[in-house]
Chemist: 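Dropping a structure here in structure tokens format, bear with me for questions.
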Amino acid sequence: MVTPVKRSNALPKRCRLSARAEFQKIYAEGQRYDGRLMAAFLRKNELDHHRLGVTASTKAVGKSVDRNRARRLLRELFRRSADELNGLEKHYDWVINAKRSLLKSKEELRFTEFRRIVEQVARNERRS
RNA sequence: AGAGCAAGUCGGGUGAUCGCUGCUUCUCCGAUAAUUUCGAAUCUCAAAUUUGAGAUUUGAAAUACAGAGAAGGAGAGGAAAGUCCGAACACCAUAGGGCAGCGAGCCCGCUAACGGCGGGGCGUCCGAGCGAAUUCAGAUCUCAAACUUCAGACUUGAAAUUUCAGAUGAAGAAAGACUCGGACGACGACAAGUGCAACAGAGAACAGACCAGCCGGUGCGGUCAGAUUCUGAGAUCUCAAAUCUGAAACACAGGUGAUGGGUGAAACGGUGCGGCCCGCAAGGGCUAGUUUCAGAUCUGAGAUCUCAAAUCUCAGAUUUGAUUUGAGUAAGAGCGCACCGGCGCGCGUGGUGACAUGCGCGGCCAGGCAAACUCCUCGCGGUGCAAGACCAAAUAGGGAGGCGUAUUGAGAUCUCAGAUUUGAAAUUUGAGAUUUCAAAAUCGGGUUGCCCGCUCGAAGCCUCCGGGUAGGUUGCUUGAUCCAACUGGCAACGGUUGGGCUAGAGGAAUGAUCGCCAUCCCGAUGCGAAAUCAUCGGGAAACAGAAUUCGGCUUACAGGCUUGCUCUCAAA
RNA sequence: CGGGACGUGGCGCAGCCUGGUAGCGCGCACGCUUGGGGUGCGUGAGGUCGCGAGUUCGAAUCUCGCCGUCCCGA
């Protein structure tokens, strides 16, 4: 597939996870990476791109306004980190759970935390 | 100018970059399994050497589909929230009626409808206001106090004066009434029935009698006063004692009744009168009782020389007659009557109506609570867009039809029938069922169309029909719509004309970052006496996210604006 | 989208229907019992009855509106 080399920060719909079964599969078989603002679950897929699923529960985040905002922030984070993700050897299905502290965090903090998680994933790739 | 309250309204603006979801237009690419058009090649057929028809293959274009990209334009709320009411819409159920259950409940209007909204009525509370009536005088009556006079032993009673208080419409104030304004009201019925009310209190719902009060009765000893004396002492009039009578107080048992007290959230409406007869009434008459006088009877004491009787005098009780006054009663009435107030009923007047108001009648007095049971009137079928409609994989299964499930050989087991055998048993023959092995055949798929062959699969296979899951499409945004002008109505709201199209997601889009400008707060600097102003820096900016769609209600909410009312300050 | 239940001392629950006094168990504190602890006995403290309105003379209780927790159906 000839993807345009232009900075593709887009996140179309086919890169999203939606079915409940897929989430369950990733929770069961994937690996977990914890952060202060979020928790990520990863599982390899056979596609040529990454896929993302975001969760923000009432219990963890709060009311619907806050849940919507948390979802958007995480999607934005994933979208803008395409360069880092392309650095990985394989492609994964990601499930990121939002935490309440995400809402009050600043942008840099979010990016640094996400990059740390990506580096951990890369380290695990090299080890195996 | 500031503060508070109420109502209405707005809910930061603008630009850049990167994203998301629909819509419109355009470009590119893919697959050809679709359709149409055009062209080429091969084959077949017909006429005939060039056409026509058909089939197959192939190329191009368009539409549709899928993907990518570009441009344009759109993209959360006043509450999107809570899900408390009411509807639209959809499906299911349903002859009609009743019970149960749930809900609503002053009247009229608005509305598609409502438990919503507007206006009105009534009730409770609050505030303001002005005017009217009345009063500021006199008279009369009642009570109290002081003083005076008279009577009396005291208590006390009567009269007059003064003062104070009260009643008779009764200073002022308060309250009430009237007018205006505001707030609140789940505002049918407790006068159908059942029920509830702690504590306190005498008594708490056809009530009750504690204390004070009132009444007569009884009691006892004392006190006081009077009368009398076969009494005693001093002595001719006093004291003491006894007897009788009366008075006040006390005690006891009882009666009376609701006047006052006290309790409580609440204590059964208020005031007055009280015989009988006549009379509509005004009033009149009679009687009980009262005042005075007279008589009779009884009791006690004294006198008439002594005793008894009789008579006379005095005191007390009972009773008769006359006379005076003339109804209260032993105390007095929840008993009776009247009036006022409330209530109910009837009629009239005003109002669409709730209701208001006047008159008459009744003669009821009936307390509170129905967000106590209950009764009355009215309304209510159920489920909800995951409603429902359409298209429709894979797998399993349903119905109908068709083709098959065959044949041959060998073997095993079981069942039935027959034959042989005296019988059992055994042997054997035939039929049927199950099953093992082998052979060939059948059906379906693949191998470019056909045949052979090869290969895969199967005891089933094929075709059609219907239900239907995943999934997709739709319902899904043009609507009881929005804006403006005019217009009807006190208002809620309605009408006419013109214009606009303003989110439609679906594990769920509407976001992130950075500027600038406004708003508020803090700090620094500058001009300046100060406020203000200017510049710079920092900070704050709410409640909250559409999920089928509307009309309301409720709840949350930084700040701004408008209007009205009230208060404070300043100026005039 | 629709339906239901609950909220009372530190914890678990009564009381609510039928309105007037908030109670039970465990725990806590103190004392006694024991050589000490436990057990046992006795005494005591501790409650805005989730919040706000209303009805009533009076509300944990009745009514309404909010808040929170939990459960169920499609």
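To find a chain, count down the sequence lines: A is the first, B the second, and so on, and within it residues start at 1.
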Chemist: Does a side-chain N-to-carboxylate-O contact under 4.0 Å join A:Glu76 and A:Arg72?
Modeler: no
Chemist: Could you tell me the Watson-Crick or G-U partner of B:rG4, where both distances fall under 3.5 Å? Say none if there is no partner.
Modeler: B:rC565
Chemist: Is there a Watson-Crick or G-U wobble partner for B:rG467 with both distances under 3.5 Å, and if so, which one is it?
Modeler: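 Its partner: none found.
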Chemist: When rounded to the nearest Å, what value does the distance between C1' atoms of B:rC5 and B:rA183 take?
Modeler: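 The same atom, C1', in both gives a distance of 13 Å.
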Chemist: Among A:Thr55, A:Asp93, A:Ile26, which residue meets the side chain to side chain contact (heavy atoms under 4.5 Å, CB included) test with A:Phe41?
Modeler: A:Ile26
Chemist: Using whole Å, what does the distance between atom P of nucleotide B:rA509 and atom CZ of A:Arg67 come to?
Modeler: 11 Å
Chemist: Are A:Tyr27 and A:Arg32 close enough that some pair of their side-chain heavy atoms sits under 4.5 Å apart?
Modeler: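 Of all side-chain heavy-atom pairs linking A:Arg32 with A:Tyr27, none is under 4.5 Å.
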Chemist: Could you work out the separation of B:rA470 and B:rC391 based on their C1' atoms and round it to a whole Å?
Modeler: 14 Å
Chemist: Could you tell me whether A:Glu125 and A:Lys90 have a side-chain N and a carboxylate O separated by less than 4.0 Å?
Modeler: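 The answer is no: the pair does not qualify as a salt bridge.
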Chemist: Report the glycosidic orientation of B:rA76: syn if within 90° of 0, anti in every other case.
Modeler: syn
Chemist: With rounding to the closest Å, how many angstrom separate the P atoms on B:rG495 and B:rG559?
Modeler: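 About 41 Å, rounded to a whole number of Å.
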Chemist: Rounding to the closest angstrom, what is the interatomic distance between B:rG302 and B:rA235 at atom C1'?
Modeler: 24 Å
Chemist: Partner lookup for B:rA100, please. Criteria are Watson-Crick or G-U wobble with both distances under 3.5 angstrom; report none if nothing qualifies.
Modeler: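 Partner of B:rA100: none found under 3.5 Å.
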Chemist: Mind checking the C1' distance from B:rC214 to B:rU259? Whole angstroms is fine.
Modeler: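 Result for the C1' pair: 10 Å, nearest Å.
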Chemist: Does B:rA512 have its OP1 or OP2 closer than 4.0 Å to a side-chain nitrogen or oxygen of A:Arg69?
Modeler: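 Yes, because at least one side-chain N or O of A:Arg69 sits under 4.0 Å from OP1 or OP2 of B:rA512.
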Chemist: Please report the distance separating the P of B:rC206 from the corresponding atom of B:rA197, rounded so that it comes out in whole Å.
Modeler: 14 Å
Chemist: Taking OP1 and OP2 of B:rA81, is either one under 4.0 Å from a side-chain nitrogen or oxygen of A:Lys63?
Modeler: no
Chemist: Can you measure from CZ (A:Arg110) to CG (A:Leu77) and round to the nearest 0.5 angstrom?
Modeler: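 Output value for this atom pair is 7.5 Å.
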Chemist: Taking the six-membered ring for Trp and the single ring otherwise, decide whether the centroids of A:Tyr33 and A:Trp94 are under 6.0 Å apart.
Modeler: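 Distance test on ring centres: not under 6.0 Å, no.
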Chemist: Whether A:Arg72 contacts B:rU510 is assessed here as follows: a side-chain N or O lying under 4.0 Å from the phosphate OP1 or OP2. Is that the case?
Modeler: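 Answer is yes, contact under 4.0 Å.
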Chemist: Mind checking who B:rA128 pairs with, Watson-Crick or G-U wobble, both distances under 3.5 Å?
Modeler: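 The answer is B:rU179, by the H-bond criterion.
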Chemist: Between B:rG560 and B:rA540, how far apart are the C1' atoms? Round to whole Å, please.
Modeler: 16 Å
Chemist: Pick the closest RNA chain B nucleotide for A:Thr55 and for A:Ser64 by heavy atoms, then say which residue is nearer the 5' end.
Modeler: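 So the residue in question is A:Thr55.
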Chemist: Between A:Arg110 and A:Val54, name the one whose nearest nucleotide on RNA chain B is closer to the 5' end.
Modeler: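 Looking at RNA chain B, the more 5' nearest nucleotide goes with A:Val54.
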Chemist: Among B:rA512, B:rG545, B:rG19, which nucleotide has an atom closest to any side-chain atom of A:Arg79?
Modeler: B:rG19
Chemist: Pull up the glycosidic torsion of B:rG22 and say syn or anti, syn being anything within 90° of 0.
Modeler: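 In terms of base orientation relative to the sugar, B:rG22 is syn.
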Chemist: Now, which nucleotide makes the Watson-Crick or G-U wobble pair with B:rA93, with each of the two distances under 3.5 Å?
Modeler: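 Checking every strand shown, B:rA93 finds no partner, since no pair has both distances under 3.5 Å.
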Chemist: Using the C1' atom in both, what is the distance from B:rG475 to B:rC517, to the nearest Å?
Modeler: 47 Å
